[in-house]
Amino acid sequence: MSDSRTPLYAISVAADLAETSIQNLRSYERHGLVEPGRTEGGTRRYSDHDVTQLLHIRSLLDQGLNIAGVQRVLRLEAEVAGLRASLLRDDAGPADSASGARDSR
DNA sequence: CTTCTGACA
DNA sequence: TGTCAGAA
C-alpha cells in the first residue's frame, strides 16, 4: 500500500507545497498541529499526509480560526476518520461498536 | 538544516 | 495571536 504517511519532503519543500514559510511550519509543529518524522540528522521529513494536513491548517487559519481551533478541527477529523474506518471495516458488523471513540484526550 | 529571541499587525 | 526576520 502506498503509505501516505511515508516521509518524503524536507521542510523547505513542504513549505513550498503548503504555500507557507518554514518558520510557520515549525510553529505549527510547536503547537502540535502536525508531527512530521525526523531523520537521523534531526531534520524534519514531511509526508504526503502531512502536506495535505498543512494545506488544511492554512485553510482553517485563513478562515479565521486560531491555532487552538485548528488543533480542535484536526483532532475531530482524525476521530471521524477513525470512526469511518471502523464503520466500513467489515460488513459482518462490528461486534463491539463501543470500540470507537475511547480516549478523546 | 536547527533552535531561540525579537518585533509587528 | 500569528507571522516574519535575524542570529547562533
Side-chain angles (χ1 to χ4, degrees):
Chain A
M1 292 61 148
S2 26
D3 295 323
S4 50
R5 343 193 100 157
T6 177
L8 294 162
Y9 322 101
I11 184 166
S12 58
V13 182
D16 187 66
L17 264 53
E19 286 184 314
T20 187
S21 183
I22 298 160
Q23 295 284 123
N24 289 342
L25 290 187
R26 284 203 251 120
S27 276
Y28 300 156
E29 204 242 12
R30 273 191 63 181
H31 282 275
L33 268 68
V34 286
E35 287 186 37
R38 287 281 193 137
T39 187
E40 298 179 12
T43 54
R44 293 175 176 78
R45 218 40 107 96
Y46 287 82
S47 64
D48 189 25
H49 181 257
D50 287 330
V51 174
T52 309
Q53 199 103 303
L54 252 24
L55 287 163
H56 207 116
I57 290 163
R58 261 206 67 89
S59 208
L60 265 32
L61 287 169
D62 191 63
Q63 282 171 57
L65 280 143
N66 57 356
I67 298 289
V70 173
Q71 210 194 19
R72 218 29 199 288
V73 174
L74 257 46
R75 279 208 11 207
L76 287 167
E77 288 200 335
E79 190 180 321
V80 75
L83 285 166
R84 189 160 56 94
S86 45
L87 235 88
L88 45 79
R89 189 138 45 132
D90 60 354
D91 51 292
D96 50 317
S97 324
S99 57
R102 29 179 81 93
D103 77 306
S104 38
R105 224 232 139 105

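In what follows, chains are A, B, ... by sequence order, proteins preceding strands, each numbered from 1. Please read all numbers here as calculations on a predicted model, not as lab measurements.
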* Asked: Taking only residues two or more places apart in sequence or in another chain, which ones pass side chain to side chain contact (heavy atoms under 4.5 Å, CB included) with Ser12(A)?
  -> Ala10(A), Ile22(A)

* For dC1(B), take OP1 and OP2 only and decide whether either is under 4.0 Å from a side-chain N or O of Ser12(A). => yes

* To do: Can you sort out the partners of Glu40(A) under side chain to side chain contact (heavy atoms under 4.5 Å, CB included), two or more places apart, ordered by chain and number?
  => none

* **From CG (Asp62(A)) to CD1 (Ile57(A)), nearest 0.5 Å** => 13.5 Å

* Asked: Got more than 12 heavy atoms from elsewhere within 6.0 Å of CZ, Arg38(A)?
  -> yes

* **Interatomic distance, Leu25(A) CG vs dC1(B) P [rounded to whole Å]** => 11 Å

Run the side-chain donor-acceptor check on residues 24-35 of chain A: report pairs under 3.5 Å with partners two or more places apart or on a different chain.
| from | atom 1 | to | atom 2 | distance (Å) |
| --- | --- | --- | --- | --- |
| Asn24(A) | ND2 | Thr20(A) | OG1 | 3.1 |
| Arg26(A) | NH2 | Gln23(A) | OE1 | 2.8 |
| Ser27(A) | OG | Gln23(A) | O | 3.4 |
| Glu29(A) | OE1 | Arg44(A) | NH2 | 3.4 |

* Taking Gln71(A) for its side chain and Ile67(A) for its backbone only, find out whether a donor-acceptor pair lies under 3.5 Å. => no

Under 3.5 Å, side-chain donor or acceptor atoms of residues 48-56 of chain A against the rest of the protein: list the pairs with distances, not counting sequence neighbours.
| from | atom 1 | to | atom 2 | distance (Å) |
| --- | --- | --- | --- | --- |
| Asp50(A) | OD2 | Ser47(A) | N | 3.3 |
| Asp50(A) | OD2 | Ser47(A) | OG | 3.0 |
| Thr52(A) | OG1 | Asp48(A) | O | 2.9 |
| His56(A) | NE2 | Glu77(A) | OE2 | 3.2 |

* Scan residues 57-66 of chain A against DNA chain C and write down, sorted by residue number, each residue with any heavy atom closer than 4.0 Å; if none is found, say none. => Leu61(A), Asn66(A)

* Please state how far atom CD in Gln71(A) lies from atom P in dG2(C), giving the value in whole angstrom units. => 11 Å

* To do: May I ask you to evaluate whether Tyr28(A) reaches the phosphate of dT3(C), defined as a side-chain N or O under 4.0 Å from OP1 or OP2?
  => yes

Quick test: give all pairs of protein nitrogen or oxygen and nucleotides 2-6 of chain B nitrogen or oxygen below 3.5 Å, distance rounded to 0.1 Å.
| from | atom 1 | to | atom 2 | distance (Å) |
| --- | --- | --- | --- | --- |
| dT2(B) | OP1 | Arg44(A) | N | 2.9 |
| dT2(B) | OP1 | Arg44(A) | NH1 | 3.2 |
| dT3(B) | OP1 | Arg38(A) | NH2 | 3.1 |
| dT3(B) | OP2 | Arg44(A) | NH1 | 2.7 |
| dT3(B) | OP2 | Arg44(A) | NH2 | 2.5 |

* Kindly work out whether a path of hydrophobic side-chain contacts (I/L/V/M/F/W/Y, heavy atoms less than 4.5 Å apart) joins Val80(A) to Leu76(A). => no

* Asked: Hey, is the side chain of Asn24(A) poking within less than 4.0 Å of OP1 or OP2 on dG2(C), counting only N and O atoms?
  -> no

* To do: Write down the distance between CG (Leu54(A)) and P (dT3(C)), rounded to a whole number of angstrom.
  => 11 Å

